[in-house]
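The structure under discussion appears below in the form of structure tokens.
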Amino acid sequence: MKHWKAMLATLALASAAVVIPASPASAYATFGCQFTTGTLKWQDSTTTSGYATAATNAVNAWNSTSTQFNMNKVTSGANIRVTNGNFGATWQGSRFVGITLNTSQENPVTNSCGDGTWDTTIVTWWNDYYTQDYAAAKRQAIMVHELGHALGLAHTAAAGNSSCSNVSIMDKAIDGWYDVCGFWTPRQDDINGANALY
């Protein structure tokens, strides 16, 4: 009898030591809004060649990922318009280096996403007030981030002491993370989020 009790106690201890790993959580976040198709059209509405080059490079950065969508350049009828403008140090109480709006310069999530799909052209902006003197790669990082919003990806937020390998291009402080990590293309988590949408 003691032998069986000892075996049961050993089994109980062994079972307690077995850890079943949880499914990995997705770090990406989505708005719950997206385009109805992965065949997307984008329009360059930038004001200088420096911004135009960064816009093209940002689109190409997304197009070169293993995702189920593609952005093709057009001169009209775009799903996404890329542009720049001076919003000042703050606009409507917020400080930002880039912003994604609808064509009425409103938050597209609350004003253009009736049934889970965008019902207007989405406009991604650089804020010239801050980005006018940014290096080309940093401008690209910001626009890759803003294009992620247009696709339907929301912000992520890495802890301040995170390693660069744990930071997404969709991090809400991407301009600061660019200075630390120097990346300007979608990261695997961003790609996973886009693949969850398209």
Side-chain angles (χ1 to χ4, degrees), residues 21-35 37-38 40 42 46 51 53-71 79-84 87 91 94-102 107-110 112-113 116-118 122-127 129-131 134-198:
S23 300
S26 298
Y28 66 82
T30 65
F31 290 133
C33 307
Q34 64 194 68
F35 293 106
T37 178
L40 303 172
W42 79 280
T46 58
Y51 281 112
T53 299
T56 298
N57 290 342
V59 169
N60 289 342
W62 273 111
N63 282 346
S64 66
T65 62
S66 56
T67 50
Q68 302 303 307
F69 66 86
N70 194 58
M71 292 180 266
N79 306 102
I80 303 168
R81 189 176 312 135
V82 179
T83 193
N84 59 290
F87 288 83
W91 183 69
S94 297
R95 178 213 172 271
F96 54 86
V97 295
I99 193 167
T100 298
L101 302 168
N102 66 16
N107 180 336
V109 177
T110 55
S112 303
C113 182
T117 58
W118 301 124
I122 301 301
V123 186
T124 58
W125 294 84
W126 281 283
N127 182 0
Y129 184 86
Y130 294 105
T131 63
Y134 279 11
K138 188 170 183 178
R139 281 187 187 171
Q140 179 183 326
I142 291 164
M143 191 47 59
V144 169
H145 173 101
E146 296 306 323
L147 288 169
H149 286 322
L151 292 168
L153 296 173
H155 279 146
T156 59
N161 60 351
S162 294
S163 72
C164 291
S165 62
N166 294 327
V167 178
S168 162
I169 201 77
M170 295 310 300
D171 194 278
K172 65 182 181 179
I174 190 56
D175 57 329
W177 281 112
Y178 172 84
D179 293 340
V180 174
C181 303
F183 58 80
W184 56 86
T185 60
R187 313 287 280 185
Q188 188 59 54
D189 187 60
D190 309 307
I191 295 166
N192 294 345
N195 281 330
L197 291 168
Y198 298 92

Worksheet item: Quick one: CG on N107 to OG1 on T110, what's the gap to the nearest 0.5 Å?
Response: 3.5 Å
Worksheet item: Can you find a heavy atom in the side chain of D179 that is under 4.5 Å from one in the side chain of K138?
Response: yes
Worksheet item: Does the side chain of T131 pick up a donor-acceptor pair with the side chain of Y51 at under 3.5 Å?
Response: yes
Worksheet item: For the residue pair M170 and L153, what are the closest heavy atoms and their distance?
Response: CE-O, 3.6 Å
Item to complete: Keeping the roles fixed (side chain from N127, backbone from F96), state whether a donor-acceptor pair exists under 3.5 Å.
Response: yes
Worksheet entry | Backbone N/O of A154 and side chain of Y28: donor-acceptor pair under 3.5 Å | no
Item to complete: Return yes if some donor-acceptor pair links the side-chain N/O of R81 with the main-chain N/O of I122 below 3.5 Å, else return no.
Response: no
Worksheet entry | Heavy-atom side-chain contact between R95 and Y130 under 4.5 Å | yes
Worksheet item: Can you check whether A54's main-chain N or O pairs, donor with acceptor, with Q140's side chain at less than 3.5 Å?
Response: no
Discussion item. Apply side-chain contact (heavy atoms from CB on, under 4.5 Å) to residues C33 and T117 and explain how you reach the verdict.
Written reply: CA-CA 5 Å; C33 307; T117 58; over 6 Å; no
Discussion item. Between W177 (side chain only) and I169 (backbone N and O only), is there a donor and an acceptor less than 3.5 Å apart?
Written reply: no
Worksheet entry | side-chain contact (heavy atoms from CB on, under 4.5 Å) between W118 and F31, intermediate numbers included | CA-CA 11 Å; W118 301 124; F31 290 133; 4.2 Å; yes
Worksheet entry | S168-D190 side chain donor-acceptor pair, cut-off 3.5 Å | yes
Discussion item. Pair L40, L151 - check side-chain contact (heavy atoms from CB on, under 4.5 Å), show working.
Written reply: CA-CA 10 Å; L40 303 172; L151 292 168; 3.6 Å; yes
Item to complete: Look at the side chain of N63 and the backbone N and O of M71, then say whether any donor-acceptor pair between them is shorter than 3.5 Å.
Response: yes
Fill in: Exam field: side chain N195 to backbone S66, donor-acceptor pair closer than 3.5 Å
yes
Discussion item. Testing the basics here: between A194 and T67, what is the closest heavy-atom pair and its distance to 0.1 Å?
Written reply: CB-CG2, 4.0 Å
Discussion item. Could you check whether any side-chain heavy atom of Y198 comes within less than 4.5 Å of a side-chain heavy atom of F35, counting everything from C-beta outward?
Written reply: yes
Discussion item. For A158, is there any backbone N or O sitting under 3.5 Å from a side-chain donor or acceptor partner on D171?
Written reply: yes
Worksheet, complete the sentence: For A55 and V82 the tightest heavy-atom approach is CB-CG1, 3.6 Å
Worksheet entry | Donor-acceptor under 3.5 Å (T100 side chain, E146 main chain) | yes
Worksheet item: Does the pair T83 and T124 meet the rule for a side-chain contact (heavy atoms from CB on, under 4.5 Å), with working shown?
Response: CA-CA 6 Å; T83 193; T124 58; over 6 Å; no
Worksheet item: Is there a donor-acceptor pair closer than 3.5 Å between any side-chain N or O of Q34 and the backbone N or O of G152?
Response: no
Worksheet item: Looking at OG1 of T46 and CZ of R139, how far apart are the two atoms once the value is rounded to the nearest 0.5 Å?
Response: 9.5 Å
Fill in: R187 to V167 - nearest heavy-atom pair and separation
NE-O, 3.3 Å
Item to complete: State, yes or no, whether a side-chain contact exists between I142 and W126 at a heavy-atom distance under 4.5 Å.
Response: yes
Worksheet entry | Shortest non-hydrogen separation from A29 to T156 and the atoms involved | N-CG2, 4.3 Å
Worksheet item: Any chance the rings of F183 and Y178 have centres within less than 6.0 Å?
Response: no
Practice prompt. For W62, look at atom CH2 and say whether over 12 heavy atoms of other residues, nucleotides or ligands are found less than 6.0 Å away.
Written response: yes
Discussion item. Would you say that F69 contacts T37 through its side chain, given a criterion of any heavy-atom pair below 4.5 Å between the two side chains?
Written reply: no
Worksheet item: Considering only heavy atoms from C-beta outward, does the side chain of V144 approach that of P186 to under 4.5 Å?
Response: yes
